[in-house]
S.K.: 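Sharing a structure with you now.
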Amino acid sequence: MSETGSALPDLYSPEFLAAAQRLRLVARRVAPRGRFAEQRSKSKGSGLEFQDYRPYTHGDDMRAIDWTVYRRLGRVFVRLFEEQEDLPLYLLPDVSGSLWLEPTPRVIAGLQATLALAAVSLGQHDTVGIFPFADDLTVLQRSTSGKGRLASLAQRLQSVQPGGRTDLRTSLKRLGGLRLREGLVVVVSDFFDEGGLDAIAEALGSVRHRLLLVQLVRATDREPRALVGDLRLVDCETDEAHDVSVTPQVIQRYQAAYDRFAEGLADIARRRQAGLLALDVESDVIPQIARLFENGRREV
Amino acid sequence: MGALWIFAPLALAPTVMSLGLVLGGLAGFAGLIFALQRLRVRHRSRVVVTTLFWREAVEESRARTLVERFRHPSTYLLLFAIAGLLWLSVARLAADRSEGIQHTFLLDGSANMAAGSRFEDATRALLAALEGAPPERTQVLICGSTVRSLLAPGDDRALLKARLEGVRPEAVPASVERALVDALAERRGPQDGAASARRFAVFGHAPVSDEALADLGEADVFERFVATPGQASSANGEASAAGRSNLGIVALGAAPAASGVFDAVDLYIEVQGDDAKGANLSVTLGGEPVTLTRLGSPQPDAARWAVRDLRPLEAGMSESARTVAAALVGATSGDGLGFDDSATLVLPELRLIRVHIEQLGSSEAEAAIRAACEADAAVELIASPERADVLITSRSLAHPSLRVAEASEASASIEVRLAAGTALLDGQVRASDRPGHALVKVLGELGLDRVDATRLASELGRPLEARLIEGSPGEGRSLALWSELLRPDLSSFTESRAFPAVVGRALRWLAETPEVVPYRAAGRPVPKRLTGSRPPRVDLASLPAEPASLLDASSTRLARTASADGGSAETPMDDSGPWRLSSWVLLIALALLVGEWLLFQRGRIA
């Protein structure tokens, strides 16, 4: 475990929360039910924002008839507006052992990213659920909305405890069992699952929600300069030990293996039409998430 | 392997292990540590977030070779230094290379060692010399009145100090030579060969003759440790003046007065030393000074005195009143050896012999005997036979008796009867042992050997015969004489000068009175004739129980010689103390071990 142990430092300063509010999240696809929200939807209905015309059919709202078009074309068309419906955001922060190990644990950046995304959704009147996972999924906050809920979410995230091993299959299977309204599932993790890419692909393949993968990375993942000589490397989650004599050749092979993993993860995201954000845990979280959403909105 | 040069001087120093084993052990440690350096992989444990990628990287790598190149020479040298020093400590570097040699240390505990601090110096030298001897082949003997083992081979040396507690030199002659002779005699045998070489080390001043040393084998070693010249000390612990010679009493004896007086003794005193002629001697009896008569002495370093007819000696006197004390006084006292400056002798309590004379068959014999008894100051004639020590009778009695028998009743003209197993006066001859020899001794004790037997036989018209008869157990002594010997008309025996002496000796013999006092002379056995019922004895290991003298004349001479010469050719005592080379080696090894641990903890060495 990291030096912080189970006691996290103060994760959320007022500046952080204010910066998080400025992020906007736009979903490509929203569920047909629910309250109106500021999310762009593919559904063309009687929302607030004009999107397109279509011919009048029996039963259409008369108020939607565009009479200007009728005078020009002599045909009756109705105006179509973008349906702004809420996009449930399901945040899955990884709290397994690997995120707590290092001097600056990745769990700090992971939980900050989680709250930042939660702040965005709450600011857009979306519902937010938080489900920390490790070897299994837990429910920290099933579903909540309203900007005023941010503080309580921050408090709950602050009290998160370390979990065990990383098991995406079990965790996402548990998520599926919750029968949540279709929304956006954001997995915030280092994706160091013992089952490797196959397990990750299988786990993500079972998710019926839209996906955003936030991979917590740091430079030493690919370049472990502190590891030299004859070492017995012990996995912090599985306690498996491997004797390694670190030589330049071994480092090369290690980096090749890491690159294959990164490529594999990107490939999985592409196949699932999921977004993939590599979040550098050594840098500020908000700017990195902001780059994910250009111009205040991002279609996912 | 240059590190081996570090150990060259240490390894070549004497050890209790063989040189080959020591060097072999060092080389073995060098090779072992070298092999461990090349074979051992030191894995430092590190916890990482994941080993996924390391697994893949390692699986792709080639198999590790068994042997690596030699690394970390400084660490290797340090470990070899530690291992080598510990090995040498196990080898127990010692000052004496004594491979296979049996060590016998002889500590002189005789009177000679009582001078000053000789015994303490010898003990310290013994303990220091013991450090260099292998415990499994070393024994320590203390040579005093007996030769005792203080440390047997294999004993823990810590026991020696405890066993030396309270051990002091004894007022006995030196027995070191005897112990050496016995030790050499034990070694002789067909199974012993050159491999059983022995080292004998004498700690003290006991003399060892050249004859005893002649039995040493070619491989044997004899050493003597004496005090360093100039460090001799006097009896009171202060350094004595250089060149002062020792003077000592070497003989003090008493014998029945030559004058024949019952209650008087003659004393004899002998002093030896360079200043013997000028010695000032004081002799007292019960604290009262007695007058000495100087005797001539053929030896230039000896002086002799006598005291004639020392009296009175009365019955019932206390032991202190019967103690004769001789001492050197004045300028001749306080020399290097205090033992021989004084000597004491306790005279036995002499008592009157109660004699009852029964009616004898011959009035002449009775009168002659009565007259002899009345003339003897040691004899008291009593009327009651019950209280008598000796009965003079014509009957045959179990009671001690002087019997005047008719010729037909006695088997011989002189018949001596002793109970079976009864020892004679000197305890050396029993009635059942060689009867002729015993008879001669008895006749000598009785003074009958001085009787003109030929003349008496001529007067009696028959030969005189003496016979020793073994009596029944519990039966008292008896002496039977023909009555004819005591009839003046038939024999001149009663008119001879021997008759009173014979009667007196006979009564003393029959009463078994303590006859003489012990006679003690340095280096000379006590004359058997003069020993009493409890002769003074000094037991020496492997020697028969033979009366011997209190002091060793050679001790007196040696004490004189050592203090006068101021020097010795023997090996001086080495008071090097308890720290020996192996202790320092072990200490250095432990210091290096602590240093290695500290460096390893700080990551300074591999």
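Reminder, nothing fancy here: chain letters follow the sequence lines and each chain counts from 1.
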S.K.: Quick one: which residue pairs count as a salt bridge (Lys or Arg N to Asp or Glu O under 4.0 Å) with a foot in residues 184-206 of chain A, not counting sequence neighbours?
M.R.: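 Residue pairs passing salt bridge (Lys or Arg N to Asp or Glu O under 4.0 Å), neighbours aside: A/Arg169-A/Glu202, A/Glu194-B/Arg55.
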S.K.: If you count heavy-atom pairs under 4.5 Å with chain B, which of A/Asp221, A/Val244, A/Leu227 comes out on top?
M.R.: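 Max contact count across the listed options: A/Leu227.
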S.K.: Is a donor on one side and an acceptor on the other found under 3.5 Å between the side chain of A/Arg174 and the backbone of A/Asp136?
M.R.: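 Looks like no, no N/O pair under 3.5 Å.
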S.K.: Under a 3.5 Å threshold, yes or no: a donor from one side chain and an acceptor from the other, between A/Thr166 and A/Glu237?
M.R.: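 A/Thr166 vs A/Glu237: donor-acceptor pair found between side chains.
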S.K.: Please rank A/Glu240, A/Arg106, A/Gln249, A/His242 by heavy-atom pairs under 4.5 Å with chain B and give me the top one.
M.R.: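 Most heavy-atom pairs under 4.5 Å with chain B: A/His242.
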S.K.: Contact part of A/Ala241 toward chain B, heavy-atom cut-off under 4.5 Å: side chain, backbone, both or neither?
M.R.: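 Neither part; nothing is under 4.5 Å.
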S.K.: How far apart are the C-alpha atoms of B/His103 and B/Arg137, what are their side-chain angles, what is the distance that settles it, and do they pass the side-chain hydrogen bond (donor to acceptor under 3.5 Å, both in side chains) test?
M.R.: CA-CA 6 Å; B/His103 299 259; B/Arg137 296 194 301 273; 5.4 Å; no
